[in-house]
Amino acid sequence: MLDIQNLRNDLAAVATRLATRGFVLDTAKFERLEAERKTIQVRTQELQAKRNASSKQIGFAKSKGEDVTAILAEVANLGDELKQAETQLSGVLAELQALLEVLPNLPHESVPVGASEADNVEVRKVGSKPSFDFAVQDHVSLGEGVGGLDFETATKISGARFSLLTGGLARLHRALAQFMLDTHTDQHGYTETYVPYLVNAASMRGTGQLPKFEEDLFKVPFGLPEQNAVEVAKIQSTGASSFEGQQKNFYLIPTAEVPVTNMVRDEIVALEKLPLKFVAHTPCFRSEAGSAGRDTRGMIRQHQFDKVELVQMVHPETSFAALEELLGHAETILKKLGLHYRVVKLCSGDIGFSSSTTYDIEVWLPAQDTYREISSCSNFEAFQARRMQARFRNAQGKPELLHTLNGSGLAVGRTLVAILENYQQADGSVLIPEVLRPYMGGLEVLRKI
RNA sequence: GGAGAGGUGGCCGAGUGGUCGAAGGCACUCCCCUGCUAAGGGAGCAUCCGGGCAUAAACCUGGAUCGAGGGUUCGAAUCCCUCCUUCUCCGCCA
């Protein structure tokens, strides 16, 4: 969430910066709501002050045994007016909040301005493309060739966009996750974290998935069955205010970013504990709404995939240094695996909703003859922290919003794809990168069956 | 799932309708005294949001917040309802 002070003080500048990411801010609406808010809030607070003063008087008078009927008469008709003002105020505040919640973050000034993916800026290339003196296969035929990659059965069990791994491939998948976790905990100073995969709406709101991107999530109803509008109205007409609590939803996490970052929601972290660095290996669930027809072959785009996620909560002054550091941590994995990749700085039109600055790491996939995203590392500055009220106590002892960052280190499924394609041999077997062999019981190659 | 007890500031904890945003303690900050591994005295010390204010800080002033939401009342931390959540015991369970 953006700082509302920012919008109040310099609405035009905010609108201009949001425009660079293709977002049109309805400034007229904001100004109207803000003006309404101001008058109504001032009036409401005046009425409240009046009521509070009178009530205090009554208490005071009563304690001295004086007659209070005169004061009581005075406040008698204040009630309705106040109630009306309060209702109006909460209505305007809710509207403002709704407007604010769907505003994306401001791109950092260092972010290149651009409209789409095509305007992203390549930062560096690391390693080089492997050369093959035979016709390369893609990961699907390689996986089926060495045995253990089975989309047909996955489709039977669940449907499209799921995969099933068995045997050596399943172990390689596990080996990758273990290797990544070990590297980040042993060498990069992250604390390993095991987190819930089902989270509540407040957590999704905190990191920015809700309210705007509900259709991208898997929602799991829990508790009482969902009521229809008529039933809801009936329940509410009985004066029950608890309707909300009787039926709720869980959401399957689309990334470990959600549960891990929300660890600090509504917390005030001691200064000396910063930076907080967590790593978690979790499955991720995405509905992939709107991506029908894209990447339908293979493991590139799935409803369920594993990812090792790096999350940091840092002092605002160090967040951009932390982003570079975190990006380096993700790159380390690719380097150790001997995979060729490039780092891309996303342009203003391509960065995610909550992000201020994002680097993507794209791994080389020979069969597709292209680079594919395998990690995304972002600094959210205070955007998520403001939504979550995640703070630290600064040197002056005052609570201040943290900066949050995260990045994939790495997407496990796509790393598996990259290894299959980059380490393939002429005979259809796949070499296992050396760093993974200890995790594979010493196995050096996945042989074609 | 059943029974019971709780949820109050950074932490502990008092508070059953009225000068309560909240005693006391711990921690922290500043000052004084004393002097050397620590003691005494004093002061300050929740958060968020408005208005004064076009702007940073400061200041003045108002409002909201005692798990959440709703209700009763001139007035709610306190009474009522619902929900969430923690703990203890029992049951069930990987």
- Query: How far, in whole Å, is A39(B) from A58(B) if one measures between their C1' atoms?
  - Reply: 36 Å
- Item | Distance in angstrom units between Glu34(A) CD and C49(B) C1', rounded | 11 Å
- Rounded to the nearest 0.5 Å, how far does CG of Leu7(A) lie from CD of Glu31(A)? 10.0 Å
- What pairs with Gln84(A) under side-chain contact (heavy atoms from CB on, under 4.5 Å), at least two apart in sequence or on another chain? Gln88(A)
- Message: Taking 4.0 Å as the cut-off, does a side-chain nitrogen or oxygen of Lys398(A) come that near to OP1 or OP2 on C45(B)?
- Response: no
- Message: Contact list please: residues 94-106 of chain A against RNA chain B, heavy atoms, distance less than 4.0 Å, in numerical order.
- Response: none
- Task: Quick one: list whatever passes side-chain contact (heavy atoms from CB on, under 4.5 Å) with Thr296(A), sequence neighbours left out.
- Result: Arg161(A)
- By side-chain contact (heavy atoms from CB on, under 4.5 Å), Gln5(A) pairs with (sequence neighbours left out) Asp3(A), Arg8(A), Asn9(A)
Give me the distances for all protein-to-nucleotides 14-22 of chain B N/O pairs that come in under 3.5 Å?
{"from": "G18(B)", "atom 1": "O6", "to": "Lys62(A)", "atom 2": "NZ", "distance (Å)": "3.0"}
{"from": "G18(B)", "atom 1": "N2", "to": "Ser55(A)", "atom 2": "O", "distance (Å)": "2.8"}

- Please, which pairs that meet salt bridge (charged side-chain N to carboxylate O under 4.0 Å, His left out) have at least one residue in residues 256-279 of chain A, sequence neighbours excluded? Lys277(A)-Glu325(A)
- Query: How far apart are the C-alpha atoms of Gln384(A) and Thr207(A), what are their side-chain angles, what is the distance that settles it, and do they pass the side-chain hydrogen bond (donor to acceptor under 3.5 Å, both in side chains) test?
  - Reply: CA-CA 5 Å; Gln384(A) 294 182 326; Thr207(A) 34; 5.1 Å; no
- Separation of the P atoms in A76(B) and U65(B), to the nearest angstrom: 8 Å
- Is it true that the side chains of Ser376(A) and Asp360(A) contain a donor and an acceptor less than 3.5 Å apart? yes
- Dot-bracket summary - RNA chain B, pairs being Watson-Crick or G-U whose distances fall under 3.5 Å, with | when paired to another strand: ((((((((.[[[..)..(.....]]].(((((.......))))).(((((((......))))))).[[[[[..)....]]]]])))))))....
- Which of parallel (below 30°), tilted (30 to 60°) and perpendicular (above 60°) describes Phe179(A) and Tyr439(A)? perpendicular
- What pairs of residues pass the ring pair (Phe, Tyr, Trp, His ring centres under 6.0 Å) test when at least one of them lies in residues 6-42 of chain A, not counting sequence neighbours? none
- So the side chain to side chain donor-acceptor pair (under 3.5 Å) pairs with at least one residue in residues 184-195 of chain A (sequence neighbours excluded) are His184(A)-His188(A), Gln187(A)-Lys336(A), Tyr190(A)-Gln312(A), Tyr190(A)-His329(A)
- Item | Residue met sooner reading RNA chain B from 5', once Val75(A) and Val42(A) are mapped to nucleotides | Val42(A)
- Item | N or O in side chain of Arg391(A) less than 4.0 angstrom from C48(B) OP1/OP2 | yes
- Task: Output all residues satisfying ring-ring contact (aromatic ring centres under 6.0 Å, His included) with Tyr251(A), sequence neighbours left out; order by chain, then residue number.
- Result: none
- Go through the structure and list residues passing side-chain contact (heavy atoms from CB on, under 4.5 Å) with Ser90(A), not counting sequence neighbours. none
- Going 5' to 3' through nucleotides 55-64 of chain B, assign each nucleotide B (protein heavy atom under 4.0 Å from a base atom), S (under 4.0 Å only from sugar-phosphate atoms) or - (no protein heavy atom that close). SS-----BSS
- Item | Aromatic Phe60(A) / basic Lys64(A) pairing, under 6.0 angstrom, 45° off normal | yes
